[in-house]
Amino acid sequence: MNATETFKTVSMIGLGYIGLPTAAMFAARRIRVIGVDVNQRAVDTINEGRIHIVEPELDMIVHSAVTQGFLRATTKPEPADAFLIAVPTPFKGDHEPDVSYVKAAAESIAPVLRPGNLVVLESTSPVGTTEELVQWLAEARPDLRFPVAGASEVNVNVAYCPERVLPGHVVRELVENDRIIGGLTATCSERAVALYRTFVQGELLITNARTAEMCKLSENSFRDVNIAFANELSIICDKLDISVWELIRLTNRHPRVKILQPGTGVGGHCIAVDPWFIVNKTPAEARLIRTAREVNDAKPQWVLDRAAAAVSRLCATPAQRKEEQLTIAVLGLAFKPNIDDLRESPALHVAEQLLKSTRAQMYFVEPNVSALPRTLTDGALVDVAGALERSDIVVVLVAHREFQDLAAKLLPHQIAIDAVGVLS
Ligand code: SAJ
């Protein structure tokens with residue numbers, strides 16, 4: 001086996017937002033891919049040439065991979081030349097990493113491993129997880145030789161290679177982004193480079209597994225810390241009667257300053273989770289990273305408090321309107337602009353809390369979905385025009401493109417709470 005070897009069959013364990021597009025990329029390069037997922041419905045959908053997630057362009061790629069016979073899904077692992085693991089690594093309890101899905105994936109592939117195999121972990125993982133993965137595999141298959149300390153004649157290689165793609169741009173970023181490859185030995189890294197070279201046009205940068213694990217966590221923590229800075233500024237500026245949007249526009253004219261955008265909070269499945277993996281390992285040292293998490297997690301409540309203050313203000317006007325006579329329009333529910341993903345969304349959280357805490361009539365606008373989630377069905381889903389013609393208070397939670405010309409449409413009597421700067 002060497003760096004120019006070819007992999008005839010690749011198995012992808014976990015067919016979610018990362019695993020399925022990655023599987024489809026290999027299949028598009030005419031490598032036979034066996035996709036494995038515990039979700040029978042996902043498996044059935046993929047085998048029909050369709051997809052169970054929302055990601056631009058992916059449906060066509062999966063459809064042609066399946067119809068041409070290069071991608072097949074199953075619930076039970078089968079022998080292959082290389083195994084890639086892309087399963088969730090959420091947190092549990094008090095922000096402790098939960099690597100049980102990685103362990104379950106290791107236990108599921110162990111029986112079908114063969115000498116000469118390559119195993120790559122892609123899931124975002126706490127530092128040391130790739131070494132743990134090797135331990136789990138070695139316990140299950142004492143007949144194989146894994147890259148543990150002091151091992152000779154290793155015959156199963158293991159590496160860590162984190163995914164780094166942005167939801168909504170996955171198909172392009174999978175091909176174009178540079179990848180970090182942390183093999184447990186130099187040969188492990190070389191073989192993983194050969195595997196990814198089949199579809200990655202970006203650079204493949206070699207390091208060790210622990211550094212590669214920490215790179216992924218640091219990338220998302222970097223973004224979290226920088227968003228926290230923007231969110232903190234937004235709260236400070238509000239107190240000081242300064243527009244944070246103008247402030248950021250102006251400070252960013254300095255050649256070495258690039259402040260990110262304040263918002264309703266940090267959502268999604270990565271940036272709000274991964275920094276905790278660093279904090280959990282090194283709680284005394286990771287002070288800034290922890291504080292950034294706390295600042296970003298507190299932002300939705302700040303937005304809610306401002307909405308509550310607007311309601312009190314209207315009820316205290318000379319007209320003395322009763323709360324139940326007021327109407328509130330909430331614009332945006334997704335976890336970030338121009339996507340339909342409502343999971344782990346601070347905007348959805350604010351909308352739900354507002355609906356629970358007020359007697360006002362509520363209208364919701366989310367141009368990317370056709371129905372409200374179950375938690376909001378006491379309100380009504382309307383379009384921007386419908387919301388504006390009815391509401392006393394307009395709360396903007398996501399900077400969707402449909403809201404960009406909102407300033408010109410607001411009526412003079414309306415109170416606007418703009419968490420994302422579309423009115424500036
Ligand atoms: N957000 C702000 N202000 C900003 C930028 C983002 O409030 O200036 C908020 C968004 O509204 C959203 C959250 O942060 O709620 C996260 O959005 P995002 O676009 O920053 O990131 P994700 O979660 O969609 O994807 C991130 C990416 N990581 C980095 O950019 C460092 C992506 O490359 C990773 O692959 C992905 O996490 C992942 O899977 O880890």
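Since the structure is predicted, the reported quantities are computational estimates derived from the model, not experimental observations. First listed ligand is number 1; within each ligand, the first listed atom is number 1.
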Which of the numbered atoms in ligand 1 are below 4.0 angstrom from a heavy atom of [X]?
{"X": "Cys270", "value": "36 (C), 37 (O), 38 (C), 39 (O), 40 (O)"}
{"X": "Pro167", "value": "24 (O), 25 (O)"}
{"X": "Glu163", "value": "35 (O), 38 (C), 39 (O), 40 (O)"}

Taking the six-membered ring for Trp, are Trp276 and His95 parallel (under 30°), tilted (30 to 60°) or perpendicular (over 60°)? parallel
Going by an N to O cut-off under 4.0 Å, is there a salt bridge joining Glu213 and Lys281? no
Between Lys356 and Glu352, is there a salt bridge with N-O shorter than 4.0 Å? no
Taking C-beta and beyond as the side chain, do [X] and [Y] meet within less than 4.5 Å on heavy atoms?
{"X": "Val10", "Y": "Leu84", "result": "yes"}
{"X": "Ile51", "Y": "Thr45", "result": "no"}
{"X": "Ser391", "Y": "Gln414", "result": "yes"}

Kindly identify the option in [options] whose heavy atom sits closest to [atom].
{"atom": "atom 10 (C) of ligand 1", "options": "Lys299, Lys336, Glu219", "answer": "Lys336"}
{"atom": "atom 9 (C) of ligand 1", "options": "Thr264, Asn220, Ile227", "answer": "Ile227"}
{"atom": "atom 16 (C) of ligand 1", "options": "Gly268, Pro346, Gly267", "answer": "Gly267"}
{"atom": "atom 40 (O) of ligand 1", "options": "His269, Arg164, Gln261, Lys216", "answer": "Lys216"}

Can you name the residues that form a side chain to side chain donor-acceptor pair (under 3.5 Å) with Lys216, not counting sequence neighbours? Glu163
Which of Val158, Leu118, Asn117 passes side chain to side chain contact (heavy atoms under 4.5 Å, CB included) with Arg191? Answer is Leu118
Does a donor on one side chain sit under 3.5 Å from an acceptor on the other, for Ser234 and Lys299? yes
Would you check if there is a donor-acceptor pair between the side chains of Arg343 and His269 at a distance under 3.5 Å? yes
Measure the distances from the heavy atoms of Gly168 to every atom of ligand 1 and state whether one is below 4.0 angstrom. no
Ligand 1 and [X], any nitrogen or oxygen pair closer than 3.5 angstrom?
{"X": "Glu173", "answer": "no"}
{"X": "Val165", "answer": "yes"}
{"X": "Phe335", "answer": "yes"}
{"X": "Arg223", "answer": "yes"}
{"X": "Thr124", "answer": "no"}

Nearest-neighbour protein heavy atom for atom 27 (C) of ligand 1, which is reported as residue plus atom name and distance: Leu166 CD1, 3.8 Å
Which residue owns the protein heavy atom closest to atom 21 (O) of ligand 1, what's the atom, and how far is it? Ile271 CD1, 3.4 Å
